[in-house]
**Q** 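Structure incoming, see below.
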Amino acid sequence: MSSSNMIFVSDVFNNLGYLVPKDTTLTKTTSLTNYAKTARRTGFSDYVNEIYVPYFTQASGMTSQQVIDASSLLSIKDYLQSSDKIAMMHNEDDPILQPGEIGQLKSLFPNRAKVYPYGGHCGNMEYKDNVTYMVDFFNGDILSGSKN
Amino acid sequence: MSKFNSTLLLMVVIILLQACSAVPPQEAINAEPAVHDVNDIVKKDKVYPIDVYDPWEDMNRNMYIFNAHMDDYVLIPVLDAYQKYVPHFLRQGIHNFYSNLTSFEHTVNSGLQLNAEATVNNGLRFISNSTMGILGIFDIATGMGFPEMKEDFGQTLGYWGVGDGPYIVLPLLGPSNLRDTTGIAVDFFIVSEYLLDEVGMNQNEGWLYFYYIMYGVDARAKVPFRYYENGSPFEYETMRMLYTNGRRVLIAE
């Protein structure tokens, strides 16, 4: 659903003619039901390949591959590894992870990666102990070693 | 019908007529289809989960916007003040009072749906809360084993096979359809015209205004929904789908 929202809104804001034909006037009472259906059937990878990458290749002059590489956390590896302002919380069973990615992510956040075995995609974000851990991190208690 | 009710009805009609005068949406000047065009993807003869019969969509969308504005400028500020200045026990008492009156409505509708268990439950609930609970201000029935079993006239109509009918966004009340709007009118009659009259609570006009204003405040306080906060451009569609399916579940159970 949130991917549908993003696709539709970026299309309308930029008049891309992606789901809504170019120069269509949408008033506050225009029915969006059919666009909701087409947005629902347009995948996130369609969005990346057909909107995101073309937009940034045009805006930055980079090649498609460069845009994709620049979108990866690896492109700011040096910063992430050295900044103690940022930590990572993740779940081993998150469905968006590719095999081997969790190890790569851990290496980006030395001593600042907290990986839980279960929780799926953000399923344990509001779990009390996990929230406590996050609060402790921002209070500086994790890095100073006073709490773990 | 009392003078107050006629005024209310007139207001509703005026608002509905205003909504009718909306400008129809403009067609695209450019006929070039979109990359993922509706005409290629959406199958005309298929019913999608998001589809709800909504022939008055234009009017409904205007009403949806009107309700969002009413929420922003009137209802939520009033609600905030209500929650800030009126102590919790008093708000709870007011809530119990109104929900006790609807227990009467639930009793009648449980009976009309031939549901003996719910009729007895709601009837005993109404009687015990009205007497021992002092006009319903205290909900003692739940503790006595008579929980609220909501049955309204829209559900009664659904029970007897009446379909949803066209979707309608009502002023202030929000999502509904022709079946449930009829239900609201009948339930209003059961409680406001019959029950209040029976117990002599609709004699004084000033009291009636107070009664309906507090009813509205309490009703809004019960619903945690806030307009335009889920970040979706398809909020109207989503609400329409959730309302329609939610009501079907309530009717089926």
Side-chain angles (χ1 to χ4, degrees), chain A residues 1-59 64 67-68 96 120-123 125-126 131, chain B residues 18-44 46-69 167 169 227-242 244:
Chain A
M1 197 70 198
S2 49
S3 145
S4 318
N5 298 339
M6 186 171 64
I7 294 168
F8 178 79
V9 172
S10 50
D11 175 33
V12 172
F13 276 17
N14 298 298
N15 193 22
L16 298 171
Y18 189 64
L19 301 178
V20 182
K22 271 187 185 165
D23 302 323
T24 304
T25 309
L26 299 174
T27 70
K28 57 183 183 171
T29 59
T30 308
S31 175
L32 304 180
T33 311
N34 277 335
Y35 298 128
K37 293 175 198 168
T38 49
R40 190 97 180 91
R41 274 148 196 83
T42 309
F44 182 70
S45 55
D46 295 325
Y47 169 78
V48 169
N49 295 327
E50 296 171 345
I51 297 185
Y52 182 88
V53 173
Y55 178 85
F56 283 105
T57 46
Q58 208 185 4
S64 307
V67 169
I68 292 166
I96 68 165
H121 185 65
C122 304
M125 286 285 279
E126 289 175 37
V131 174
Chain B
Q18 273 177 339
C20 289
S21 64
V23 186
Q26 220 178 321
E27 286 300 310
I29 310 155
N30 189 337
E32 192 192 326
V35 179
H36 295 274
D37 200 74
V38 165
N39 295 316
D40 302 332
I41 296 170
V42 177
K43 297 186 186 78
K44 294 261 185 293
K46 187 180 163 184
V47 178
Y48 290 82
I50 205 171
D51 281 324
V52 171
Y53 180 51
D54 189 3
W56 304 321
E57 185 165 354
D58 214 51
M59 180 182 82
N60 284 337
R61 281 183 182 271
N62 272 316
M63 192 55 73
Y64 194 88
I65 295 163
F66 172 80
N67 285 343
H69 286 318
Y167 182 68
V169 179
Y227 284 90
Y228 308 133
E229 287 205 346
N230 70 357
S232 170
F234 308 119
E235 185 176 294
Y236 175 88
E237 279 82 1
T238 311
M239 291 303 296
R240 187 175 65 184
M241 177 174 73
L242 291 176
T244 307

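In what follows, chains are A, B, ... by sequence order, proteins preceding strands, each numbered from 1.
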**Q** Considering all heavy atoms of both residues, which atom of A:S4 and which atom of B:F234 are nearest to each other, and what is their separation?
**A**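 Heavy atoms only, the tightest pair is O-CE1, 4.1 Å.
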**Q** Is atom OH of B:Y228 surrounded by more than 12 heavy atoms (other residues, nucleotides or ligands) closer than 6.0 Å?
**A**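 Correct, the count exceeds 12.
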**Q** Report yes or no: do A:T29 and B:D58 form a side-chain donor-acceptor pair below 3.5 Å?
**A**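 Yes.
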**Q** To the nearest 0.5 angstrom, please state how far the OH atom of B:Y48 sits from the CG atom of A:N34.
**A**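 B:Y48 atom OH to A:N34 atom CG measures 8.5 Å (nearest 0.5 Å).
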**Q** Among all residues two or more places apart in sequence or in another chain, which pass the salt bridge (charged side-chain N to carboxylate O under 4.0 Å, His left out) test with B:D51?
**A**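 Checked B:D51 against salt bridge (charged side-chain N to carboxylate O under 4.0 Å, His left out); matches are A:K37.
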**Q** Main chain of A:L32, side chain of B:E237: is a donor-acceptor contact present, judged purely on distance under 3.5 Å?
**A**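 Checked: pair present.
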**Q** For a 4.5 angstrom cut-off between non-hydrogen side-chain atoms, does B:D37 reach A:T38?
**A**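 Sidechains of A:T38 and B:D37: no contact.
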**Q** With sequence neighbours excluded, tell me which residues meet ring pair (Phe, Tyr, Trp, His ring centres under 6.0 Å) with A:Y47.
**A**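 Scan of A:Y47 (ring pair (Phe, Tyr, Trp, His ring centres under 6.0 Å), adjacent residues dropped) gives none.
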**Q** How are the rings of A:Y18 and B:H36 set relative to one another: parallel (under 30°), tilted (30 to 60°) or perpendicular (over 60°)?
**A**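 Plane angle over 60°, so perpendicular.
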**Q** Measure A:T33 against the heavy atoms of chain B and call it side chain, backbone, both or neither at under 4.5 Å.
**A**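 Both backbone and side chain.
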**Q** At their closest point, which heavy atom of A:P21 faces which heavy atom of B:E32, and how far apart are they?
**A**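 Here A:P21 and B:E32 meet closest at CB-O, 3.5 Å.
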